[in-house]
There are 2 protein chains.
Amino acid sequence: MSPPSGSPIATRACTVARHMAGSPVPCSTCAARQFSICAPVPESELTEFFAMSARIRVEARRHLFNEGDPAQHVFNITAGTVCLSKALADGRRQITGFLSEGDFIGLAHGDSCAYGAEALTPVEACRFPRERFEQYMAKHPDVERRLLQIASTELAAAQDQMLLLGRKTASERLASFLLRLSDRAVARGEPANLVALPMTRSEIGDYLGLTLETVSRTMTQLRKAGAIDLDNVNMVRIVSQDSLRRLAGTV
Amino acid sequence: MSPPSGSPIATRACTVARHMAGSPVPCSTCAARQFSICAPVPESELTEFFAMSARIRVEARRHLFNEGDPAQHVFNITAGTVCLSKALADGRRQITGFLSEGDFIGLAHGDSCAYGAEALTPVEACRFPRERFEQYMAKHPDVERRLLQIASTELAAAQDQMLLLGRKTASERLASFLLRLSDRAVARGEPANLVALPMTRSEIGDYLGLTLETVSRTMTQLRKAGAIDLDNVNMVRIVSQDSLRRLAGTV
DNA sequence: ATGACGCTTTGACATGAATCATGGCGCCGA
DNA sequence: TCGGCGCCATGATTCATGTCAAAGCGTCAT
């Protein structure tokens, strides 16, 4: 299934699918659209909007781009999970967000990417040339307004995360994290008490400012406290939303 | 000078100055304007723009608004320093930013304020009713674009801060902090090596995810390492930008 | 079926920063 | 000029989390 690793010729980090001219624009049936930057694009404009972008597929563990790369594209994720991260010279890294279906990537860049983006699972996305996307926005204030709204929401989330990283204990961090994932699941019409973890303990650690060992121990702690159960390592069942909320402090 | 504290009637957290009709709009001579949200407002519109806002003065230690208040206004700071913060139920708090001349307050709010804002020094600001400001933006995409740019910059800064809070040591945090203040001073045409600290050690701690004691000790450490000198508790002289950068890791 | 590999869990120990406690310094008002 | 108060510096000690190490478990390719 996966290509022979290490061969730069045979390996494709990202494949581009072409759209058949004449067939209806896939946007009209895109499940991610309602959550996405493209939500305010009217039906009449969809063809033009769609034509700006390429559909890409990225394998798990591949990077969409690296921190410091020239910022050439913006993305709208239609399937899979991506993490954004920043690193220090010695390898310590901070994951600044886990993104999935409907999420936009491309805010906060200047000329170069302020963070790297890596697929944690196989990912599908719409990729837009940054410049064309900006030109489109300049002509369509609705979309620009939507992006401002997205940026504003991101900023609020970033501030919550600062509170978490600066002032919360390990169990508060993990409890907050699980509750956020749960809220997110609810927003997508999934059950609140069953939380999938597409990322490893190490990645959770890099997001919460902890080590993977502390994440693991804390997970056990929450389990022993009766707040959660582990169906398997990647599937958390929230047993008591209340105790989890109490443990989390807030958010 | 300061009003008798504790009396809700005699005390004014914020005073509103009225503008004389007919006199030229103060915006044209406002030193903060070039850095501000109002930079793209054309001369011809300044009167209208100005008329939307009230000039306010806030004493040191007073709050512009509290976390959870209904979000009624947005602000543009014209003088002084403000800190934004979020708190946990038990009083732990995280300062998410120090703002000054030219900075905009009002991003990231929903119906209620996502954070509190407190004046660290006497502050002057332009205060706009949130709704009117949004209406103005809807009619003036330039201003909306500028706000998106501001939000984007804020987001990048927030991500830097997440890296700092999640992964940096105490001395890396403090070194990064001092370098940022220095960069900021440079952007305003002030000398790079002389950094004013309008906030207390405790506030620095609440910003860097440390205690005031650790901030104090670390300041001593940086001094003994020959990276900085303290003219007095509120004035840091950067002796060696290089060693400070080495200590900081990045940013 | 089996072995290998990657991820997770758990244990033992180390350590950076927090906490608790004390004294010093500087500023402001009487 | 003096006293008081808030902020800061520093020391002693504790503690949460990091680090190092080893073993368990699941998955996947052979």
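Proteins get letters first, then strands, A, B, ... in listed order; numbering begins at 1 in each.
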(request) Give a yes/no answer on whether the side chain of B:T214 brings an N or O atom under 4.0 Å of OP1 or OP2 in C:dA18. (result)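 The answer is yes; a side-chain N or O of B:T214 sits under 4.0 Å from OP1 or OP2.
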
(message) Is B:T200 close enough to D:dC7 that one of its side-chain N or O atoms is under 4.0 Å from OP1 or OP2 there?
(response)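 So the side-chain polar atoms of B:T200 never come under 4.0 Å of the phosphate oxygens OP1 or OP2 of D:dC7.
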
(message) When you measure only distances, ignoring hydrogens and angles, does the side chain of A:R217 come within 3.5 Å of the base of C:dG11 through a donor and an acceptor?
(response)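 Such a pair exists between side chain and base.
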
(request) Could you tell me whether the side chain of A:R223 has a donor or acceptor atom within less than 3.5 Å of a complementary atom in the base of C:dT10? (result)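 Looking at the base of C:dT10, it does not pair with any donor or acceptor on the side chain of A:R223 (distance under 3.5 Å).
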
Measure [atom1]/[X] against [atom2]/[N] and give the value in whole Å, please.
X      : N      : atom1 : atom2 : value
B:R92  : C:dA17 : CZ    : C1'   : 15 Å
B:E213 : C:dG16 : CD    : P     : 18 Å
A:N234 : C:dT9  : CG    : C1'   : 14 Å
B:L210 : D:dT10 : CG    : P     : 17 Å
A:M199 : C:dC7  : CE    : C1'   : 15 Å
B:N232 : C:dC27 : CG    : C1'   : 12 Å
B:M235 : D:dC8  : CE    : P     : 14 Å
B:D90  : C:dA18 : CG    : C1'   : 14 Å

(request) State, with a plain yes or no, whether a side-chain heavy atom of A:V123 is found less than 4.5 Å away from one of A:R62. (result) no

(message) Taking the side chain as everything from C-beta on, heavy atoms only, tell me whether B:C113 gets closer than 4.5 Å to B:N66.
(response) no

(request) Taking atom types as modelled, find out whether A:R173 and A:T218 have a side-chain donor-acceptor pair closer than 3.5 angstrom. (result) no

Tell me what [X] touches on the nucleic acid: a base, only sugar-phosphate, or nothing, going by heavy atoms under 4.0 Å.
X      : answer
A:L197 : nothing
A:G205 : nothing
A:S216 : base

(request) Find which nucleotide of DNA chain C each of A:S202 and A:R167 is nearest to by heavy atoms, and output the residue with the more 5' nucleotide. (result) A:S202

(request) Would you mind checking if B:R93 and B:E67 are paired as a salt bridge, meaning a charged N to carboxylate O distance below 4.0 Å? (result) no

(message) On DNA chain D, does the nearest nucleotide to B:T220 precede the nearest nucleotide to B:R61 from the 5' side, or the other way round? Give the residue.
(response)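 Nearest nucleotide further toward 5': that of B:R61.
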
(message) For the backbone of B:R167 and the side chain of A:R92, can you confirm whether one donor and one acceptor N or O come within less than 3.5 Å of each other?
(response) yes

Could you please name the option among [options] that lies closest to any side-chain atom of [X]?
X      : options                : value
A:L212 : D:dT17, C:dT8, C:dA17  : C:dT8
B:T211 : C:dA18, C:dG11, D:dG18 : C:dA18
A:L230 : D:dC8, C:dT9, C:dA18   : C:dT9

